[in-house]
2 protein chains.
Amino acid sequence: MPDAADPAPMNAPSRRKFRREGEERRRQDLIEATLDCVAEYGLQGATLRTIALRAGVTAGLIRHYFPGKEELLQEAYSALVGRMTEQAKAALVMGDASPRQRLAAFVTANLNAPIIDARVFSLWATFLGRANADLTLAHAHREGYLGFRNEVEAVVAEVLAAEQRRPDASQLRHHAIAINAIIDGLWIEGCLAGEMFSPGELAAIGIKAVEAELGLAPLEHDPEK
Amino acid sequence: MPDAADPAPMNAPSRRKFRREGEERRRQDLIEATLDCVAEYGLQGATLRTIALRAGVTAGLIRHYFPGKEELLQEAYSALVGRMTEQAKAALVMGDASPRQRLAAFVTANLNAPIIDARVFSLWATFLGRANADLTLAHAHREGYLGFRNEVEAVVAEVLAAEQRRPDASQLRHHAIAINAIIDGLWIEGCLAGEMFSPGELAAIGIKAVEAELGLAPLEHDPEK
DNA sequence: AGGCTATTTATACACTTGCACAACAAGGCC
DNA sequence: GGCCTTGTTGTGCAAGTGTATAAATAGCCT
């Protein structure tokens with residue numbers, strides 16, 4: 001079978017063989033390669049040549065799909081943020097479950113793989129480190145953060161409503177901010193030092209902390225499940 | 001009076017005037033300039049020439065104090081981590097105060113300036129983004145994190161002891177992890193979007209969340225202060 | 001004052017980077 | 001099959017990078 005990785009069997013000026021891919025596919029591959037390089041080598045190590053090598057193309061091709069490196073990085077970050085918030089929110093769509101169960105499932109989902117992931121954390125931190133200087137990054141993050149917090153606030157409202165409690169807007173906001181912080185903080189700890197925690201431990205800590213924040217009475221013996 | 005910033009008043013091959021500084025002072029200045037450049041331009045923008053310009057010297061001098069750029073960055077990160085943990089722990093040394101008051105003061109100190117600071121966050125995120133690949137960075141962070149968490153755990157133990165409660169080691173550890181996450185999460189929110197919160201709001205949220213985590217009964221009307 | 005030494009400057013160099021552009025060929029269309 | 005579009009390659013270039021090293025001078029010692 002043909003081996004594409006054959007460097008130069010002939011001394012003739014042989015050109016590299018290639019295949020034409022669809023535009024969407026190539027853009028996707030380039031963005032993924034960019035994220036890989038940023039995660040592994042940082043922004044400084046993510047050069048056009050390294051990215052192209054990872055994507056299996058040559059550097060010149062990048063300029064055919066992106067105006068410049070800047071735009072490639074921005075699109076890569078957008079893709080990352082989109083994937084992260086999408087995954088996080090997906091844990092909330094559970095058909096038949098009590099609000100409290102949904103909240104617990106949400107916390108659990110955010111404190112286990114694949115959301116707890118060293119590569120994603122590396123990307124998150126690397127890009128966010130530039131948020132001060134790059135308004136585009138700052139804006140993209142702000143959007144994602146507020147979206148996430150609003151989701152949290154909505155579930156909190158449901159949970160408290162189910163408990164016959166009527167928090168005002170300010171209390172609701174504070175609960176959402178605190179719970180968001182709990183999840184973020186535990187997420188960071190898990191990503192940076194996952195091996196320090198036993199499986200499920202972070203999620204257990206998170207659920208207890210969140211329920212304490214909301215003043216929910218602890219369940220006695222898990223009545224039905 | 002003599003102006004040191006005069007570029008070249010003569011067409012003669014004039015050399016730049018300079019002053020000899022003490023070794024410690026120069027190293028300190030170079031490290032500070034490095035942190036400034038990393039915070040503003042990221043790791044890729046922190047070039048030797050930019051750093052030297054910021055420090056008011058020429059690029060070649062850096063090699064006189066540091067073996068290479070790598071070592072300069074590592075020392076800069078060590079200095080940053082040292083300063084951060086030092087500041088954070090400093091909030092715990094209060095002579096006459098109840099454990100609960102000390103805990104509240106600790107949370108408050110960590111959720112206000114100068115610990116809530118966009119520049120420091122930028123540095124923290126930028127360096128941590130490389131922790132996956134750079135074992136030196138990972139180790140330095142791990143040390144700082146565990147030190148911080150142990151401080152938290154010690155105060156938590158005091159607070160609970162004052163409340164006649166006897167948590168076991170596992171519970172204590174979980175409390176420390178959760179409280180650490182709360183502080184970290186709120187710290188990030190404050191650094192990234194400080195203007196979204198009114199002054200003292202984050203600290204108030206943090207204190208309430210921490211006390212809820214520990215199951216402390218809320219104070220009624222602040223009895224004495 | 002005059003020399004000595006170590007700090008500091010300035011220049012050189014090999015290498016990498018992002019970008020521009022010309023040559024080329026893959027694959028659809030007639 | 002033969003052509004034509006355009007995705008793709010390869011090369012070149014100017015700017016910038018970290019490092020090496022020689023030249024200069026600031027400030028102390030006597």
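Reckoned from all heavy atoms, side chains included, excluding hydrogens, waters and symmetry mates. Labels below follow one simple rule: chain letters A, B, ... track the order of the sequence lines, proteins then strands, and each chain is numbered from 1.
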Is a salt bridge present between B:E189 and A:R142, judged by a nitrogen-to-oxygen distance below 4.0 Å?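 Result for this pair is no, no salt bridge flagged.
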A:R25 with A:E32: basic N within carboxylate O range, under 4.0 Å: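 Salt bridge: no.
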Mind checking [X] for me? I need base, sugar-phosphate or nothing, with any heavy atom below 4.0 Å counting as a touch.
X     : answer
B:R20 : base
B:E21 : sugar-phosphate
A:T47 : sugar-phosphate
A:R19 : sugar-phosphate

When you match A:P67 and A:T50 each to their closest nucleotide on DNA chain C, which lands nearer the 5' end?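 Final value for this comparison: A:T50.
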Want to settle it: does A:R63 or A:G45 sit nearer the 5' end of DNA chain C, counting the closest nucleotide to each?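 The residue mapped nearer the 5' terminus is A:G45.
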Atom-to-atom span, [atom1] of [X] to [atom2] of [N] - whole angstrom:
X     : N      : atom1 : atom2 : result
A:L73 : C:dC19 : CG    : P     : 10 Å
A:L30 : D:dG7  : CG    : C1'   : 12 Å
B:F66 : D:dG18 : CZ    : C1'   : 16 Å
B:Q44 : D:dG16 : CD    : P     : 15 Å
A:L61 : C:dC19 : CG    : C1'   : 14 Å
A:R25 : C:dG27 : CZ    : P     : 14 Å
B:K17 : D:dA26 : NZ    : P     : 6 Å
A:F18 : C:dA25 : CZ    : C1'   : 5 Å

Dump the intermediate steps for side-chain contact (heavy atoms from CB on, under 4.5 Å) on B:W187 and B:V120, then the final yes or no. CA-CA 11 Å; B:W187 177 74; B:V120 172; 4.3 Å; yes
For B:H64 and C:dT8, is the shortest distance between a side-chain N/O and OP1 or OP2 below 4.0 Å?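 Checking B:H64 against C:dT8: no side-chain N or O falls below 4.0 Å of OP1 or OP2.
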Check this one for me: any side-chain N or O of A:Y65 less than 4.0 Å away from OP1 or OP2 of D:dT8?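 Checking D:dT8 against A:Y65, a side-chain N or O does come within under 4.0 Å of OP1 or OP2.
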Using the six-membered ring of B:F66, assess whether NZ or CZ of B:R27 lies under 6.0 Å from its centre and within 45 degrees of the ring axis.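 The answer is yes; both the distance and angle limits are met.
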B:N180 (side chain) donor-acceptor with B:F148 (main chain) under 3.5 angstrom: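 Such a contact is absent between B:N180 side chain and B:F148 backbone.
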Would you confirm whether B:E201, through its side chain, and B:S198, through its main-chain N or O, come within 3.5 Å as a donor-acceptor pair?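 Yes, because the side chain of B:E201 sits within donor-acceptor range (under 3.5 Å) of the backbone of B:S198.
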DNA chain D: 5'-proximal contact among A:I62 and B:R16 (nearest heavy atom):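 It is A:I62, whose closest nucleotide lies nearer the 5' terminus.
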Do the rings of A:F127 and A:Y77 sit parallel, tilted or perpendicular, given the 30° and 60° boundaries?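 Ring orientation, 0 to 90° scale: tilted.
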Could you work out which one of [options] sits closest to the side chain of [X]?
X     : options               : answer
A:V57 : D:dA24, D:dT6, D:dT9  : D:dT9
B:R49 : C:dC19, D:dG7, D:dT19 : D:dT19
A:L48 : D:dT8, C:dC19, C:dT9  : C:dC19

Short side-chain donor-acceptor distance under 3.5 Å, B:H175 and B:E213: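 Looking only at side-chain atoms, B:H175 and B:E213 do form a donor-acceptor pair, the distance falling under 3.5 Å.
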Roughly what angle, to 10°, lies between the helix axis at the start of the helix from C:dA1-D:dT30 to C:dC30-D:dG1 and the one at its end, five pairs per end?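 Roughly 0°, once rounded to the nearest ten degrees.
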